[in-house]
Visitor: 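One structure is given below, represented as structure tokens, and several questions about it will come after.
Scope of the values below: all heavy atoms of this structure, side chains included, with no hydrogens, waters or symmetry mates. Note that the coordinates shown come from a computational prediction; the quantities given were computed from them, not determined experimentally.
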Amino acid sequence: MSRKMHLPTFLMLMLPFSATAATKTWTGTISDSMCGATHKMVKEHEQKGEISKTASKAEKDRQCTLECVKAGGKYVLASQGKVFEISNQDFAGLAEHAGHSVKLTGDLNADGKTIQVSEITMPGMSGKTHKETKK
């Protein structure tokens, strides 16, 4: 057989591997699917008394995220103008870091929009790191 016949076969065999998830780290903010990166519902939460009008912007963003998730939204990562869905909503650290700027490590799904989180840390802090535990 000639070499030309092997190249198409090789490419076809390698195609499934090119669509698999790739581990990557992003810097962004843990937000919610109702607000994305904008926290557009802060005023609504303030009017309902769910968020204090005197709270700092950072605390309002955090509370907005938590309230939106409580109302049925999902945690997301807002990073560099993109909003990524998080597939493992029960990951330890999502609620704790709601509204915070974080470094999030995980596998980007083939859809390019969804992350399976494996680690969350806060940049510049020597605080707690949340890692996925393998069973």
Side-chain angles (χ1 to χ4, degrees):
M1 289 190 170
S2 74
R3 197 172 222 187
K4 290 180 184 178
M5 293 174 83
H6 290 291
L7 182 59
T9 303
F10 175 76
L11 291 175
M12 290 303 291
L13 290 172
M14 294 307 294
L15 187 60
F17 297 107
S18 66
T20 59
T23 301
K24 184 177 173 184
T25 299
W26 296 264
T27 300
T29 304
I30 301 295
S31 188
D32 63 272
S33 58
M34 296 171 107
C35 290
T38 64
H39 296 292
K40 59 188 174 199
M41 296 186 65
V42 166
K43 296 225 183 279
E44 184 178 322
H45 293 304
E46 286 177 336
Q47 290 170 350
K48 291 180 180 177
E50 298 165 338
I51 297 176
S52 169
K53 292 180 181 183
T54 60
S56 68
K57 180 181 179 341
E59 187 57 29
K60 286 181 182 183
D61 289 351
R62 175 175 169 65
Q63 289 301 316
C64 182
T65 299
L66 293 171
E67 290 298 327
C68 286
V69 168
K70 192 186 324 181
K74 303 286 185 190
Y75 290 109
V76 299
L77 177 71
S79 177
Q80 298 180 343
K82 291 184 178 181
V83 177
F84 296 93
E85 297 172 19
I86 295 175
S87 61
N88 50 335
Q89 291 289 303
D90 59 346
F91 185 83
L94 287 171
E96 182 178 335
H97 292 298
H100 295 166
S101 292
V102 298
K103 280 191 176 183
L104 184 144
T105 301
D107 293 327
L108 183 62
N109 291 357
D111 66 6
K113 300 183 286 186
T114 308
I115 300 170
Q116 174 82 24
V117 181
S118 59
E119 182 177 358
I120 298 175
T121 58
M122 289 192 60
M125 307 268 305
S126 59
K128 190 174 188 179
T129 296
H130 296 276
K131 288 188 177 185
E132 178 180 57
T133 54
K134 303 284 182 190
K135 293 181 182 175

Visitor: Looking at CE of M122 and CD1 of I30, how far apart are the two atoms once the value is rounded to the nearest 0.5 Å?
Guide: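 Answer rounded to 0.5 Å: 10.5 Å.
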Visitor: Do you know which two heavy atoms are closest between I120 and H97, and how far apart they sit?
Guide: CG2-CD2, 3.7 Å
Visitor: Keeping S79 on the side-chain end and T27 on the backbone end, is there a donor-acceptor pair under 3.5 Å?
Guide: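 Yes, because the side chain of S79 sits within donor-acceptor range (under 3.5 Å) of the backbone of T27.
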Visitor: Search all heavy atoms of T25 against all heavy atoms of K103 and return the closest pair with its distance.
Guide: CG2-CB, 4.3 Å
Visitor: D107 side chain to Q116 main-chain N or O, any donor-acceptor pair under 3.5 Å?
Guide: no
Visitor: Enter the distance from E119:CD to F91:CZ here, rounded to the nearest 0.5 Å.
Guide: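 E119 CD to F91 CZ: 7.5 Å, rounded to 0.5 Å.
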Visitor: Using the side chain to side chain donor-acceptor pair (under 3.5 Å) rule, collect all pairs that involve residues 54-63, keeping only residues at least two apart or in two chains.
Guide: E46-K60, S52-T54, K57-D61, E59-Q63
Visitor: For T114 and S87, work out which heavy atoms get closest and say how close.
Guide: CG2-CB, 3.7 Å
Visitor: Mind checking the CD1-CG spacing from I86 to L104? Nearest 0.5 Å is all I need.
Guide: 5.5 Å
Visitor: Is there a path of hydrophobic side-chain contacts, each under 4.5 Å between heavy atoms of I/L/V/M/F/W/Y residues, joining V69 to I115?
Guide: yes
Visitor: According to a hydrophobic-cluster definition based on side-chain heavy atoms being under 4.5 Å apart (Ile, Leu, Val, Met, Phe, Trp, Tyr only), do M34 and L77 belong together?
Guide: no
Visitor: Verify, without hydrogens or angle tests, whether N109 (side chain) and D111 (backbone) share a donor-acceptor contact under 3.5 angstrom.
Guide: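 It does not hold such a pair.
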Visitor: Give, for atom CG of D32 and atom OG1 of T65, the distance between the pair rounded to the nearest 0.5 Å.
Guide: 5.0 Å
Visitor: Do Y75 and L108 belong together in a cluster built from hydrophobic side chains that touch within less than 4.5 Å?
Guide: yes
Visitor: Return yes if some donor-acceptor pair links the side-chain N/O of S31 with the main-chain N/O of G36 below 3.5 Å, else return no.
Guide: yes
Visitor: Give every residue pair that meets the salt bridge (charged side-chain N to carboxylate O under 4.0 Å, His left out) criterion with at least one member in residues 70-88, sequence neighbours excluded.
Guide: E67-K70
Visitor: Nearest heavy-atom pair of C68 and M41: which atoms, and what distance?
Guide: SG-SD, 4.0 Å
